[in-house]
Amino acid sequence: MILRLHAFWGEQGCLILQPYDMRMGAGTFHTATTLRALGPEPWNAAFVQPCRRPTDGRYGENPNRLQHYYQYQVILKPSPENLQELYLQSLVEIGIDPLVHDIRFVEDDWESPTLGAWGLGWEVWCDGMEVTQFTYFQQMGGFDCRPVAGELTYGLERLAMYIQGVDNVYDLAFNAPRGNRPGVTYGEVFLENEKQMSKWNFEVADTDSLFEGFRRAEEECRRSLDANVPIAAYEQAIEASHLFNLLQARGVISVQERASYMARVRDLARGSCEAYMAKFKDEWAVKYPEWAA
Amino acid sequence: MSTADFLLELRCEEIPARMQAGARADLEKLFRKELEAAGLKAGAITVWSTPRRLALIARDLPLATDAVSEEVKGPRTSAPEQALEGFLRKTGLSKDQLTERDGVWFAITEKPGRATEDVLAAAIPAIIRAFPWPKSQRWGAASIATDALRWVRPLSGIVAILGEDLVECEVGGIRSGYATAGHRFHHHGEITIGGAHDYADKLRACHVIVDHAEREGIVREQAKAAAAAAGLVLVEDEGLVIENAGLTEWPVPLLGRFDEAFLDVPPEVIQLTARVNQKYFICVESSSPSLLGEGDRPQDGGGAPPSDAAASATSPSKLGEDRKLANAFVCTANIAATDGGAAIVDGNRKVLAARLSDARFFWEQDKKKPLVEHAEKLGRITFHEKLGTVAQRQDRFVALVDAFQGQLADAVPAAKQAAAILKADLVTEMVGEFPELQGLMGGYYARAESLPDAVVAAVRDHYKPVGQADALPDEDAAVLTALVDKVDALVGFFGADLKPTGSKDPFALRRAALGVIRLVTEKGLRLALGQLFDASAQLYRQQGVEMESPSSDLLSFIADRLKVQQREAGVRHDLIDAVFALGGEDDLVRLLARVHALQAFVGTEDGTNLLAGYKRAANILKKEEANDQTAGAHGEGVVPPTGEEDPLVLVDDPAFKDIAAQFAHPERTLSYQPEPAEAALIAALDAAEPQASDAVAAEDFTAAMAALASLRAPIDAFFDQVTVNDADANKRASRLGILSRFRAAVHKVADFSRIEG
């Protein structure tokens, strides 16, 4: 499925990138999305991103929820006129016939308070199941996206469950049986991981060092900004965001504190985006006079 | 003049269903405005919407605007040459083109009519740019510029045809044309539209039903039919009809079944899961004794035609205990699937099953602990930072319920038991997931742990009534919990000075006040609200929350809400004021009885005349009292009256009291022979005063009004025949005293100075 998506989006002129090697809550955090959505330069990329959402852990007991799963991300800047058609073609490529299955674009506006980002779009339903988030970015890091990028986020496990017709994510076939060697299931690969990581996220993780890590990431982000290395600063924003998610899972952040932690992460992300813009502003202004206007 | 029909289609990526009704109205409004500005009149205008297009058809549009003659006044013919030259420059005319009239130059220009096509070519881009979407976006390469076009989602095409001619226009790089698109999956390639006459039919041939009302009809009828075919009855839901019609261009309702085992979960949870998350209809067994009839439409969607009602304003029919939920749902597909919909139904079944298993997981988890145990967590939930935790709230509920006596005394034990767990469901998993089920879930969990029926009802129904249309609780215990919940909130927020201001009412206190009013008046509860508020404030203080009892503030807030609420019942607000102004009345049942009697009385001839007599007396006294105050003010520092205060206050004023006291029984102290009308009024007062007092004490307000009515003839005669302002100071003072007595007698019933007219 991933190979077919790669082939399809590669055909459409997307760079096929690799996952970012940091823990993050969504593919949108990948620098190929966040930072590249800024500024006027065209950018088309597709990649798989493993995502960690500590609070979604269910100790492997829920057939649909995982604290670790995979997203397939496509980012196209500027958003092409036929983005919806391209997306629907990609579904056909992975085996979904739109005259058998009911594909629908249902209003769902996207917002990431920790990234200072928002956009308009839909969740795409396939027979009532949300399989993709489809967004036209309007702002990133508090800056207007000029031009607007289109972002597609496919939920890979969900699509696979759909295509394989299984009700439980752990029953997914990871590969086909070969000869008399049986196939391997998603559960055989990941169930133990889900159990242990759910326990660590909710019960074991040392909150003092998480708090300390959060403070260090903040500090390191500032230092990086001072040194004018905004990509490094942004990595610290990613780190802080994940540590905040872990602290939430540990239940040590109260409702009142929650907003202030989110604002702190947002400040880091914004600061990084601002520095990134500042670094390239002059270069962009020369190449894209209508952007500078 | 010849006319033609005009077709406009604005095609874009999927418009959110909830915005389509508003968009249709806005399109028509903006279009009419443009026509009006150009002086054009159309016949009927029709607007349609699908998720992917807004369409407008204007019938019988004239092909050109009327010619108009414009006249501009210039300088006098006698004016200097320079003035004329300036005028010619301004108008761009030469002297021989001007017209002279009465010694003044006029420039008259005949403006020929404009071609309607040109008017429309300018109007369409203007409409698109001015379109007031609730949320709009930029897109594509053009969005590099700051002033890029905005639309609800990317705009992809414009069809604009007048008669059979293209209206050429362009906006944001999109040029108008004859071509549009059919159904996303059933039709590939472009469709060429001839004009308004073939638009809907050509689209229909390409699997697009452009008329939203027709699609709504299909969803409404076919969903019902699908349920009937399965031997079930659809739970009608106009909000879902509109939403599903707004999500589809070719709606196909399909019935599916889910695992019967999920029916253990409360039906409201299933309904909510299906409706909110998946936009499915649900069904009930047709063998249910009470079925949904045609008239069983959602309450708040009742008046307006369904297609005009916003989706959010129409709520589903309520499930009742007498209607057994079936393990079936109806989803609405957007395609006529090649396999007849089997795969779609199966896919949707799985999604619903996943959601229901989550819900069942919550239900089972929550039931593992009794509500009392859940309630322990409320100590960690803040009610409001100034007002402590929800656990403290519950403690106050218990104490406040305990203080109830009289009418609801029998319900106190059950209500107390409920009060201690009233908010426990807020910390259950289910209410965490579906906040709108608060109260209802508490009731289910209370039943699951076999609490008495009255306790179950008192937990379940304590949020009632939510607004003017919502039903009141049936059980007495629930009336009590509903009342204390609202009183506690009102007293808390008023005590902490967090009153509603203007349109801001973040704690829904107006609704709480209306709830109190409805509970008290419709259940006929005899209670002194002021004391209840004081008791509630006392409970806050005992928990360490500093506050004065906001009782008097709250009573006037309640009075205001009462006036608004009673207006619909035709009760005059000034009469409510007239009774409230007497002060001390906080028994709303008694207050309304008095207001009703008063309204009946002021509608009679006696009432009208008595009011006139009262006003005359009050004016005379007011003037007199003002003089008296001014006189008394010398050296005594008495604040002079402003003319706005309650006349009764003045009656109690020491400066005036002597005079009043002296003449309290004029027949004993009169030093002169009273005139007959004067004596008659005294006699009438002697009779009416105790009658009115007794009647008020007995709460027989009709009798109190009758006592007042007996004063009408004597007061009229008094004013006809007796001079108050007599030269004899003694007589004058005595007569003022009689008027004062008359006014006081009227005030036993109501403060007539507040009555208008």
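Each chain gets a letter, A, B and so on, in the order the sequences are listed, and its residues count up from 1. These numbers come from a predicted model, not from an experiment.
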Residues in residues 142-152 of chain B that sit under 4.5 Å from chain A, counting heavy atoms only: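 So far as heavy atoms go, Ser143(B), Ile144(B), Ala145(B), Thr146(B), Arg150(B), Val152(B) are the residues that approach chain A to under 4.5 Å.
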
Between [options], which shows the greatest number of heavy-atom pairs under 4.5 Å with chain A?
{"options": "Gly347(B), Ala333(B), Gly340(B)", "answer": "Ala333(B)"}
{"options": "Lys279(B), Arg349(B), Arg355(B), Glu385(B)", "answer": "Lys279(B)"}
{"options": "Asn277(B), Leu247(B), Asp339(B)", "answer": "Leu247(B)"}
{"options": "Asn348(B), Asp358(B), Val351(B), Thr338(B)", "answer": "Asn348(B)"}

Centres of the [X] and [Y] rings: under 6.0 Å?
{"X": "Phe134(A)", "Y": "Trp122(A)", "value": "yes"}
{"X": "Phe185(B)", "Y": "His187(B)", "value": "no"}
{"X": "Trp284(A)", "Y": "Phe280(A)", "value": "yes"}

Given a strict heavy-atom distance threshold of 4.5 Å, which part of [X] is in contact with chain A: side chain, backbone, both, or neither?
{"X": "Lys135(B)", "answer": "both"}
{"X": "Arg153(B)", "answer": "side chain"}
{"X": "Arg184(B)", "answer": "side chain"}
{"X": "Ser136(B)", "answer": "backbone"}
{"X": "Tyr280(B)", "answer": "side chain"}

Can you tell me if Gln392(B) uses its side chain to pair, donor with acceptor, with the backbone of Thr389(B) under 3.5 Å?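 Present.
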
Charged N-O contact under 4.0 Å between [X] and [Y]:
{"X": "Arg18(B)", "Y": "Glu107(A)", "value": "yes"}
{"X": "Glu41(A)", "Y": "Arg36(A)", "value": "no"}
{"X": "Arg53(B)", "Y": "Glu249(B)", "value": "yes"}

Need one label for Asn64(A): side chain, backbone, both or neither, based on atoms under 4.5 Å from any heavy atom in chain B.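 For Asn64(A), side-chain heavy atoms alone lie under 4.5 Å from chain B.
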
Pick one of side chain, backbone, both or neither for Tyr162(A), based on which atoms fall under 4.5 Å of a heavy atom in chain B.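 Interface part for Tyr162(A): side chain.
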
Option among Arg53(A), Glu194(A), Arg158(A) that satisfies the side-chain hydrogen bond (donor to acceptor under 3.5 Å, both in side chains) test with Tyr69(A):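 The single option meeting the side-chain hydrogen bond (donor to acceptor under 3.5 Å, both in side chains) with Tyr69(A) is Arg53(A).
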
Gln133(A) versus Gln71(A), side-chain donor and acceptor atoms under 3.5 Å: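 On atom types as modelled, these side chains do not qualify, holding no pair under 3.5 Å.
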
Atom pair CD1/CD of Ile94(A) and Gln89(A) - distance to nearest 0.5 Å: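 Reported to 0.5 Å precision, the distance equals 13.0 Å.
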
Taking CZ in Arg257(B) as the centre, count heavy atoms belonging to other residues, nucleotides or ligands within less than 6.0 Å. Is the count above 12?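 Enclosed.
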
Residues in side-chain contact (heavy atoms from CB on, under 4.5 Å) contact with Gln12(A), at least two apart in sequence or another chain: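 Scan of Gln12(A) (side-chain contact (heavy atoms from CB on, under 4.5 Å), adjacent residues dropped) gives Phe8(A), Trp9(A), Leu86(A).
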
Flag the one option from [options] with the top tally of heavy-atom pairs under 4.5 Å to chain B.
{"options": "Pro80(A), Cys145(A), Gly165(A)", "answer": "Cys145(A)"}
{"options": "Glu85(A), Arg104(A), Glu81(A)", "answer": "Arg104(A)"}
{"options": "Pro78(A), Pro147(A), Pro63(A), Pro40(A)", "answer": "Pro147(A)"}
{"options": "Gly121(A), Pro42(A), Gly119(A)", "answer": "Gly121(A)"}
{"options": "Asn168(A), Asn62(A), Leu88(A)", "answer": "Leu88(A)"}

Using the ring of each side chain (for Trp, its six-membered ring), is His207(B) parallel, tilted or perpendicular to Trp250(B), with breaks at 30° and 60°?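 It falls in the tilted class, 30° to 60°.
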
Indicate the ring-plane relationship of Phe190(A) and Tyr186(A), choosing parallel, tilted or perpendicular according to the 30° and 60° boundaries.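 Geometry flag for Tyr186(A) against Phe190(A): tilted rings.
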
